[in-house]
Structure formats: structure tokens, C-alpha cells
There are 2 protein chains.
Amino acid sequence: MELSPRKQKILAAVVEQYIKTGEPVGSKFLQSALDISVSSATIRNEMAELAGMGLLDQPHTSAGRVPTTEGYRYYVDHLMGDRKLDDSLKRRIEAGVSIKNASPEGVISKAGEFLAELTNCATVSTIMSGKDARVKRVEFVPIGSRTGMIVLLTSNGIIKSRVCRSDTDLNSSLLEKFYNIVKSAFIGLPLDEIDAATVQTVVASAGSDALAMIPFVTTLSDLIIESERTSVMLEGQSNILHHDSDYGHTAHELLDFLRRDEPLSRILAESRDGVDVRIGSENKFKQLEKSSVIMAKYNVDGDKRGSIGIIGPTRIDYAELIPSVRYLSDLVGKIITRILNEE
Amino acid sequence: MELSPRKQKILAAVVEQYIKTGEPVGSKFLQSALDISVSSATIRNEMAELAGMGLLDQPHTSAGRVPTTEGYRYYVDHLMGDRKLDDSLKRRIEAGVSIKNASPEGVISKAGEFLAELTNCATVSTIMSGKDARVKRVEFVPIGSRTGMIVLLTSNGIIKSRVCRSDTDLNSSLLEKFYNIVKSAFIGLPLDEIDAATVQTVVASAGSDALAMIPFVTTLSDLIIESERTSVMLEGQSNILHHDSDYGHTAHELLDFLRRDEPLSRILAESRDGVDVRIGSENKFKQLEKSSVIMAKYNVDGDKRGSIGIIGPTRIDYAELIPSVRYLSDLVGKIITRILNEE
DNA sequence: TGTTAGCACTCAAATTGTCCGAGTGCTAAC
DNA sequence: GTTAGCACTCGGACAATTTGAGTGCTAACA
């Protein structure tokens, strides 16, 4: 679709003004805002054509124009340009995703929090996962006579721990047995090959101490299953409420939707390399038809990937936020890579 | 304040009906709902007196009556009786707060989640803290050549862990040094005596390895400070949105309020023994003036206490929910006591 | 052929007026 | 102390009216 330079200018001005105010944009305003000197009538003619092409919409006959999904799309693809992040923003982002945090999950969740604050949007993120993540190490930290903490390390750098309790007192022979089981049945095993049935088999092999092993093995396999399932982290939910009117006052439906991990992880999984923008009805879920998603994949060590993104109203500031999300996601990838390699 | 039996009946009926429907209650309805046989005019007279006493309120001249804060208060204190929980509900609660969870924090957070689902309210809870909690044990689980997980156990049963990273490679002498520092400077120390300055002192004592110790000691003291600060867990936020109209359509303000830990922990800290009910304007924070809080202290081992409570609209079902909160909080106390003693 | 001024037109939002009915307060009688 | 009856009040729903922003169209112009 080719647009005359003047139409482009008009479309861009409508989009930008609408993003700024949320009010339909009229021809008279454009006349004064645009530096081209034509009358408002001419602008009306142009706008009518843009509307005919499906790029603008009119809420009602006697109102200004509002961008359609296609209008935003044209703006994002052709008009907004690739604004450079200024250095102060870069520094803010770098400070926000502080490297002090030592675990990959910590970095991601910190980044999500920060991005929510920076953009005033809800943010979603997933921890990275590699093609064939495996169990790398398992430690047991005794705590009480019957309790201990199981620590799981996977080959893609995820660390998870959980307290578990046995029904019988612990002793060194039990512990040894546990470590043997772990070594023979878990270490090196791909995460996705573990399910509820695994516990059965493994426990059975423990012979006389089978019963005592159950809580440990169960907890361990729970941990493994959890770290395999790409869980979605959600931050900044309250930002949604602050834009309630932009969502047609159905913000709470959107919130309910965001609380469900499964659709979110589907959306994030679809993200292509680089920044991906889904505007309004481009989203497959109708709960998102008044929202836009800006998400990016980050790469860790070249082969492990995760996503981080923001969800806001369609009239989100694309020109400002797309570069921010891109920069932040790159940064996250780099930081986590560094963490894993330093180990 | 003494009320005639008939006034009591009327007040109770108004409160209960209003809780059920959210609509102002009129004299005609009461006439048919109440089993006393007087005319609606008489009921109107009685209601006028109740209104004069400040127990009922009229949204406008030609509307039914609505309970005031004082009205609810009278109902809760004198009229609603002490309904027994039926066994099926007890069993539901017991199943909800499953004992499978092995850490005190796990139990609390599970209980909070469950209570939110049971009551359709937001729930807040704090982990228990004792008078003089101390550092009980510290473990270091090496993970990579420069990273490890610090595990903290406190005397009141809280377990916290965090990954931390050093700038230099770890070796056994460093580890030994760390354990020595821990033993001499942290073990047995009351949690509240540790602050940022502690790190300075402790690190300084490490001599030549001071620099290498910084990340570990810092992380450890962060963990300690965190476990001392009674953090508030919040669940079921979305339930607030479902009662938006009950909060005068300012649910998002309430939500923003609930996200701030500090006022919540102040509220929970004020709870007396047993169940405590704060109705509408009895709450000191004006963000809660259209809400009621039902909270209870739970006791662990007799000397450690935490709180769990629900926050809902003033027209919450007190008669049903107060016993539930009481039962659940007792249960939580018992379960955690058992966990700690079994260790 | 593109641009402009002018004007009629449309429609949402705000304003006003009217009516309805639920529910009250009051009074006089019981 | 209770009741029936009646006038009264006020919010909510509905329609009619006004206002103003903004458009579409057309005829004239460059």
C-alpha cells in the first residue's frame, strides 16, 4: 500500500495525537499542528480517503478520526522511524536491570518489574529455556531432623529449591540412598522426560526405604516439572487499571485473562526474533482486542531463549516503547549469559 | 445501647437482606420477610428510630434503609450469633490448607490463596514472628565456580535462600572463612540487631579476604533483614474487581492501597487475639472506608504470632465468614506448630 | 486537476422537563 | 401502641431540546 507523502504526514499526526490524548483527532487541529499549509477541507478529503483505505475510523459521523488496527500497523511499519534511545534512558534501563541479582530468574523478574514501572504497562516474561535442558545437580540441605531443602540446578541455569518433610527421621544412610537415586535416575535426564510416573518407578527401585524416599523424590520431581513448564511472570497489573477507559472499561476482564498463564505463554512463544508488535485485533485472543503487545526474545548463550514484553492499550507510545523493550531484552540476554558463563 | 427485641429483629433483617442483595431494604419487604405480624407503617416507625440512633441510613428520602457502620457493628456484636461451621466446610478448609506443604511460608501462602477462593475476598497474611527470633543456621550450597546459594534458618522456623555471586573463584579456604564469620558474627544474633552497618563491621574483620566476603555477607544480611521485616502476602486481588460497585467504583484505588505493604502490616499488627472485625469507617485508612476487614491472629508454639485476614466490601457475610477465618487461622497455627516441632 | 471557502448536515453529549413509583413521614382513628 | 390512609419526596428512566464539534459536499477558483 502506497501513501502520498501528505497522507503519511496526516496519518502519522493522527496516530501520534491520538496516542497523546485519547481523543478523536479533527481536521482543524491537524491544520494547525501540521506544518503543511493547506486548508482543513483538504485535510478532510485526505482523511476521508485514509478512512476508505481502512487506516482511520470514525467513532461517529461528526467526530474526528481514530486510527484502526491497520492504521497503527502502517504507522509502526513505515512512519514512526527508528528512534534512538537517548543515553539517559539507556542508563536508566541499565540501572533498573541491575546485575547485582545473581540468578537468571531474579534478573528476569527484576527486569519485568522495572519495565512495568518504566512503561506504565503490564509486563509479562518467561524464563529462558533451551532445547534440551537437563538436570545438572541436586543438593539436599538438612534442616531439621525430618526436614530438608532440596536444591535443583538445571543445565540451563535455573535454580529452584523447596523445603520438604519426611515422616521418619533422617539419617546418613537415607541421605546416601537419596543421593544414589538422584545420581542414577535424575542427573542428566532431560527435564521433559520427567512426569508423575517417574516417581513411581524411581521410588520402587529404592527397596526397603521406598516409603521414606517418597517425599524427597516427589518434591524433586515437582521442582523439575515446574522448571520445565515455562512459567510466565506478570508484573504491573495495576497499570492496567489506570488505563481502564482505554480498554472500554473492561480492564478487569483483561486482568482476569492475564492471570492465566497458559494463553500468555502461548503468545510469548509466538514471538519472533527481534521485537514483535501485536496491535489490537491482530491478537488472537479477543480479551486483547483493545490491547497491544510489544515483546522481544532475548538470547542467552545463543541457544536458550525467553521472552519479555509489555501489554498496554492500543494507543501505546510505540515509537518510544519499542526501542526500550528491544534494548532491555538484549540487555537481559547479555546479563544472564554473563551470569551463566561466570559460574 | 439497648434495643427492643423487635428492633433487633428488624435491624438484623435489614443487615442480612442488604448483604444478600446490595439494595436498600424497604418496610414492605420487611413486613413479608419478618415473621412478626405488624403493618409496614409500624416497621417504618421502628426503622425511623433505628435511623435516629445512627444504625441505619437512607441513601435518599424515598429509598429503603441501609446499615451504617454502627449498624453492622451492632449486628456483628449482638445479633448474628455464633454460627457453627458445618462439617463439610471444615473439611473443605482442612483440605485447602493442606499439610503437604513443608515450610511455614508455604502453609501461609497456601492458606491465603485458599481463603481468597473460599470467600471471594482479597486476603492478606503475615508470616509469624516471635519476640526474639534469632539466626539459627546458615548453609552455603556451592553452585558454580563463583556462585552459590545461601540458606538461612531462623529460630522461628523461617527458611530463606538466595543465590549470590562472587567476583572471584570460590575455594575451600574462602568457604571456611565464610562459615567462621557466620559462626562468630551471625549465629544466635537477634534478627532485629542486623542492619546495613553490620555488614561493614563483619567484613572488616575478614582481613585479607574482606573483598571476597562482601557479596556473601551482604546477601546473608539482606536475607536476615527480609525475614525480620514482616512482609505481607496478598492474594485474591481480582476478587476486589468483582465487587467494584460495592466499593463505589473505586476498586482500583483500593487495589493500589493493598499493594503497599506498609499500611497493611500496620493493620494486621493491630489485630487483637481472636477474630477482629473492622467495619467501614472503623478502619483508619480512608481507602478502606467502604471495606471491612476480618482478621485473626494465629499462634505458633504459643509465642510466635502472625495474622491472616480478608478484606471485602462492608456488606460482607459476617455470620458466615467470621467463623471461617477463625477456624482457618487456628488451623494454620496448629499446622505450623506441628511442622516446627517435627523438625 | 488539485485546492479552497462556505454551508448544510449529522450526531454525541449536555441540559431540561416530565412522569413514575417505591418508600417514607405524618396524622387521625382505633 | 398499632394501624390505615394519604400527601410528599426524590431518584431513575425517558423523551425533547439545545449545543457544538466536525464532517461531506459543492461550487468556485488557480
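Quick note on labels: first sequence line is chain A, next is B, and so on, each numbered from 1. Here the structure is a predicted model, which is why all the values come from computation and not from measurement.
Distances shown here put every side-chain N or O of B:T61 at or beyond 4.0 Å from the OP1 or OP2 atom of D:dT9. Regarding contacts with the backbone of C:dT27, every side-chain N or O of B:R44 stays at 4.0 angstrom or more from both OP1 and OP2. A:R65 has no side-chain polar atom (N or O) that falls below the 4.0 Å cut-off from OP1 or OP2 of D:dA21.
Here the C1' atom of nucleotide C:dT24 and the CG atom of B:L56 are 14 Å apart, to the nearest Å. Separating the NZ atom of A:K7 from the C1' atom of C:dT3 is a distance of 14 Å, rounded to the nearest angstrom. Between B:K28 atom NZ and D:dT3 atom C1' the separation is 16 Å, expressed in whole Å. Atom-to-atom, CD of B:E46 to C1' of D:dG1 comes out at 10 Å; the value is rounded to the nearest Å. Rounded to a whole Å, the NE2 atom of B:H60 is 13 Å from the C1' atom of D:dA13. For the pair B:I43 CD1 and C:dG23 P, the interatomic distance rounds to 12 Å; values are reported in whole Å. In this structure, B:Q58 atom CD and C:dG23 atom P are separated by 11 Å, rounded to whole Å. Rounded to a whole Å, the OH atom of B:Y18 is 16 Å from the C1' atom of C:dG23.
The 5' end of DNA chain D is approached more closely, in terms of each residue's nearest nucleotide, by A:P24 than by the other of A:P24 and A:N45. DNA chain D is contacted by both A:G26 and B:S40; B:S40 maps to the nucleotide lying nearer its 5′ end (nearest heavy atom per residue).
Between B:D86 and B:K84 there is no salt bridge, since no side-chain N of the basic residue sits under 4.0 Å from a carboxylate O of the acidic one. Taking 4.0 Å as the cut-off between side-chain N and carboxylate O, B:D261 and B:R266 do not count as a salt-bridged pair.
Here C:dT15 sits opposite D:dA16 as a Watson-Crick or G-U wobble pair (both hydrogen-bonding atom distances under 3.5 Å). Nucleotide D:dT3 is matched to C:dA28 when pairs are restricted to Watson-Crick or G-U wobble geometry with both distances under 3.5 angstrom.
If you check every strand for non-hydrogen atoms under 4.0 Å, A:S62 touches a base. Within 4.0 Å (heavy atoms only), B:T42 reaches at least one base atom of the nucleic acid.
Aromatic ring pairs are classed by plane angle as parallel below 30°, tilted from 30° to 60° and perpendicular above 60°; the pair A:Y72 and A:Y318 is tilted.
A distance-only check finds a donor-acceptor pair linking the side chain of B:E282 to the backbone of B:I279 [under 3.5 Å].
By the neighbour-count criterion of 12 heavy atoms within 6.0 Å, atom NZ of A:K290 is sparsely surrounded, having that number or fewer from other residues, nucleotides or ligands.
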